[in-house]
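Below is one structure, written out as structure tokens; the observations come after it.
Quick note: numbers below take in every heavy atom, side chains included, and nothing from hydrogens, waters or symmetry partners.
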Amino acid sequence: MTQIINLRTARKQATRAKGRKLADASAAKHGRSKAERSLQDARQAKARAELDAHKRDPAP
């Protein structure tokens with residue numbers, strides 16, 4: 001005996017699976033790894049610190 005399948009639910013599940021597949025492909029193509037993000041954050045922090053080091057103290 002075969003299983004009874006709700007076609008509307010099956011269609012929605014197929015659409016979600018297709019969307020997940022496209023999202024994963026897009027993330028792999030355009031996303032950055034954790035190492036790349038942390039490197040970028042460290043570079044920005046260093047640049048900000050170097051810029052702040054050159055600031056003059058305000059007059060008292």
(message) Contact between Arg48 and Gln44 at the side-chain level, heavy atoms closer than 4.5 Å - yes or no?
(response) yes
(message) Distance check, rounded to the nearest 0.5 Å: Arg32 atom CZ versus Ser38 atom OG?
(response) 9.5 Å
(request) Apply the test side chain to side chain contact (heavy atoms under 4.5 Å, CB included) to residues Thr15 and Lys12: give CA-CA distance (whole Å), side-chain angles for both, the deciding distance (0.1 Å), then the verdict. (result) CA-CA 5 Å; Thr15 303; Lys12 285 181 180 182; 5.7 Å; no
(request) For the pair Asp52 and Lys55, find out whether any cationic side-chain nitrogen is under 4.0 Å from an anionic carboxylate oxygen. (result) yes
(request) Drop me the distance from Asp24's CG to Lys29's NZ, to the nearest 0.5 angstrom. (result) 14.5 Å
(message) Quick check for you: to the nearest 0.5 Å, what is the distance between Arg11 atom CZ and Leu7 atom CG?
(response) 7.0 Å
